[in-house]
Amino acid sequence: MKKYLIALITFLTCGFLSAASLKDYVCLVEPQMPEKTKEFLTSYKDSLKADGYSDYADYIEAYLEGSFGSGFIVYGSNKKPYIITNRHVIREADTVNIKFEGKGGKYEEFNGLKIVASDEDMDFALIALPDNFNRPGLEFSTAEVEDGSEVWSAGFPGLGSKPLWQFGNGIVSNSEVRLEELYDPEISTLIQHSAQIDGGNSGGPLLIKDSKAAAGYKVIGINTWKAVHRENTNFAIPSAVVKTFIERAVSQGNKTSDFSKRLEKFVNTVNNEETTYEEMSHFISNEFISVCGEDAFIWVLRNCSESTRDTVISVFAYDPIDGMRYAIAVRVYKRFYGSKSKLLEYTCGEPSLEENTYKVSFDFSGKSVVGSSWIEEQGYWRLNDFDSMVSNVGKAAKELSLRFPYTTAFTLNIYKPQPTEKFDVGAQLTFGANYFMFGTMFNVQKLDSYYSDLVASAGALFRLQFPVNCKVLYLVPYVEGRGGFQVNMGDFDAGGFFIGGAAGLDLVFGKISSGFTPALGASYVITKCGDDVSQKFGVGLSLYL
């Protein structure tokens with residue numbers, strides 16, 4: 001899962017008295033989602049809760065409370081003030097609120113600020129401050145970073161859901177890390193260090209002391225990642241890359257990328273069989289998510305492997321919007337790679353521009369043609385529809401509501417003993433899908449009149465069932481046809497063939513599940529063996545898979 005396996009964000013855990021002045025330069029960054037996105041997430045949260053998916057609904061509820069990161073003041077060559085931070089901090093934002101913490105815990109706030117430039121490859125974003133903003137900016141160091149150098153980290157990591165100022169100290173443990181899973185080595189190497197960082201510190205500065213600088217420190221990088229299974233293993237993007245981005249952004253603005261180059265990058269990403277869902281997700285627009293994210297998420301839960309499902313769910317738990325972005329990326333990816341996970345042969349058509357939207361078709365060897373549309377978002381062309389997902393929105397949810405998500409059941413039944421019985425128990429193993437199940441059954445009765453006698457029967461069954469989705473459980477009424485052979489174990493009387501039927505009801509206590517789901521049931525069974533007719537009522541415990 002790339003960045004999510006190593007972790008996306010960083011914090012600090014140690015404080016020093018000398019850090020106080022840095023609060024004038026380093027700020028809390030609070031991205032503000034568009035109202036349309038908030039409305040979509042609120043509606044989706046309520047829908048998930050109503051359907052019994054409380055865990056997923058809770059993830060969205062926590063996300064709606066707001067995320068945050070860190071950033072710091074810089075000045076461009078145009079002498080204007082900006083905040084630099086990581087792009088992933090403001091990825092779904094429309095505008096940004098900035099806060100500087102002062103004495104006594106009071107904040108100076110600047111709300112509704114515009115994102116003037118972003119770069120998904122470099123993972124930077126530049127936020128414009130008001131022209132009358134008069135705080136100084138941090139300076140960038142031009143000194144070579146060496147292993148063993150003492151460094152400091154600054155920012156606003158979270159303690160629970162609350163951001164708190166912290167200032168950490170450590171050393172550079174590797175000044176030139178090449179880690180493709182995190183950052184394209186062709187763009188830059190990374191700085192690995194041990195200064196304390198954790199979630200909420202993304203976008204904050206990595207610093208070295210410099211007595212000549214106004215702040216007493218200079219920036220050598222931006223803190224961006226933390227390894228989750230190793231102590232004190234944190235990564236920052238070097239300041240040289242940061243400066244390049246700022247100067248390019250100031251001189252060019254957030255100009256839309258050339259579509260032909262963007263399409264070429266998409267095709268190259270598709271054709272690389274080592275491409276991950278994260279890389280594919282870079283091409284998915286927020287607007288696409290607001291329309292098709294819910295459907296795509298359900299589709300992944302119902303149709304993908306456990307590893308893919310776990311990846312999407314883990315991202316969704318951290319960032320529901322990004323989780324749905326991954327889910328759409330999975331659907332796009334699987335259209336090119338098919339059921340055998342091998343790249344299908346295809347040709348890319350010529351793009352056409354219609355009302356600020358590019359249309360591109362992909363011809364899969366004449367067997368099918370898949371259309372796509374692209375819109376401009378935060379300076380990049382991104383997919384706004386693919387393979388008619390927009391026009392089919394709601395289909396996955398509808399199919400799910402009509403589909404019984406279990407294909408196997410193991411059942412143990414206890415039947416009310418007849419006057420001539422000590423006990424009567426049975427077991428069933430059934431297979432199938434939705435409305436039809438078939439399987440095997442085994443039943444044992446102990447007769448009262450012959451204490452040592454056991455009557456055993458085994459056979460096959462066919463079931464018609466009519467599952468009803470009741471939000472937190474499934475109500476499954478059914479009827480069965482049965483047939484098999486019965487043996488009296490006491491005197492080895494062959495007994496003979498039997499036929500019969502059953503009617504019952506199961507209450508399945510679960511929804512989409514990657515494991516066994518319990519159920520309670522009741523059934524009425526009637527069988528005929530020779531001239532003997534048996535009628536009995538039973539209760540059972542089942543495990544559905």
Side-chain angles (χ1 to χ4, degrees), residues 402-470 473-511 513 515-545:
L402 297 174
R403 181 176 181 179
F404 189 53
Y406 304 99
T407 58
T408 305
F410 177 73
T411 304
L412 289 174
N413 289 311
I414 299 176
Y415 297 101
K416 181 180 179 181
Q418 300 298 311
T420 59
E421 297 173 353
K422 284 291 185 180
F423 65 77
D424 190 343
V425 296
Q428 296 172 202
L429 182 62
T430 53
F431 308 90
N434 292 327
Y435 305 109
F436 306 101
M437 302 283 278
F438 65 91
T440 60
M441 52 157 292
F442 183 76
N443 186 253
V444 176
Q445 300 165 285
K446 190 164 187 176
L447 303 182
D448 189 21
S449 56
Y450 300 98
Y451 189 75
S452 62
D453 281 359
L454 291 176
V455 177
S457 56
L461 63 87
F462 177 77
R463 173 186 291 187
L464 289 175
Q465 61 187 22
F466 310 94
V468 180
N469 187 336
C470 296
L473 56 79
Y474 280 94
L475 191 69
V476 188
Y478 63 85
V479 292
E480 290 179 353
R482 300 182 172 194
F485 198 78
Q486 179 176 297
V487 177
N488 189 319
M489 304 299 291
D491 55 11
F492 296 99
D493 180 4
F497 290 98
F498 72 87
I499 58 172
L505 176 69
D506 276 356
L507 301 179
V508 185
F509 298 95
K511 304 292 284 185
S513 173
F516 285 102
T517 300
L520 293 177
S523 61
Y524 176 78
V525 180
I526 181 168
T527 58
K528 185 176 186 299
C529 182
D531 294 329
D532 295 331
V533 177
S534 170
Q535 301 180 55
K536 54 190 177 183
F537 174 80
V539 293
L541 173 66
S542 300
L543 290 177
Y544 280 82
L545 177 62

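This one's a predicted model, so the numbers in the text were calculated from it and none came from an experiment.
In plain terms, the two heavy atoms of G496 and C529 that are nearest each other are O-SG, 3.8 Å. Across all non-hydrogen atoms, the minimal contact from F498 to S457 is CE2-CB, 3.8 Å. Of all heavy-atom pairs between F442 and A458, the closest is CD1-CB, 4.0 Å. Contact between V525 and A502 at its shortest, heavy atoms only, is CG2-CB, 3.9 Å. Considering every non-hydrogen atom in both L543 and P518, the closest pair reads CD2-CA, 4.1 Å.
In this structure, the side chain of N443 engages the main chain of V425 through a donor-acceptor pair within 3.5 Å. Looking at K528, its side chain does come within 3.5 Å of a backbone N or O of G530 through a donor-acceptor pair. Formation of a donor-acceptor pair under 3.5 Å by the Q418 side chain with backbone atoms of Q535 is found in this model.
Taking CZ of F438 as the reference point, atom CZ of R463 lies at 12.5 Å (rounded to 0.5 Å). Taking OH of Y415 as the start and OG of S534 as the end, the distance is 10.0 Å to the nearest 0.5 Å. Here the CZ-OG1 distance, from F431 to T440, works out to 7.0 Å after rounding to the nearest 0.5 Å. Residue L464 holds its CG atom at 12.5 Å from OH of Y478, rounded to the nearest 0.5 Å. Rounding to the nearest 0.5 Å places CG of L429 at 12.5 Å from CE of M441. We find the CD-CG distance between Q465 and L475 to be 11.5 Å, quoted to the nearest 0.5 Å.
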| request: Could you walk me through whether V487 and F485 pass the side chain to side chain contact (heavy atoms under 4.5 Å, CB included) test, one step at a time? | output: CA-CA 7 Å; V487 177; F485 198 78; 3.7 Å; yes
| query | Going through the checks in order, is the side chain to side chain contact (heavy atoms under 4.5 Å, CB included) test met by T430 and T411? | reply | CA-CA 8 Å; T430 53; T411 304; 5.6 Å; no
| Could you walk me through whether Q428 and M437 pass the side chain to side chain contact (heavy atoms under 4.5 Å, CB included) check? | CA-CA 11 Å; Q428 296 172 202; M437 302 283 278; over 6 Å; no
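Residue Y544 is tested with T517, D506, T408 for a side chain to side chain donor-acceptor pair (under 3.5 Å); the sole match is D506. The only member of V455, D532, T527 that meets side chain to side chain contact (heavy atoms under 4.5 Å, CB included) when paired with Q486 is V455.
Heavy-atom neighbours of I499 CD1 from other residues, nucleotides or ligands within 6.0 Å: at or below the threshold of 12.
Contact annotation: the side chain of P477 approaches that of L505 to within less than 4.5 Å [non-hydrogen atoms, C-beta and beyond].
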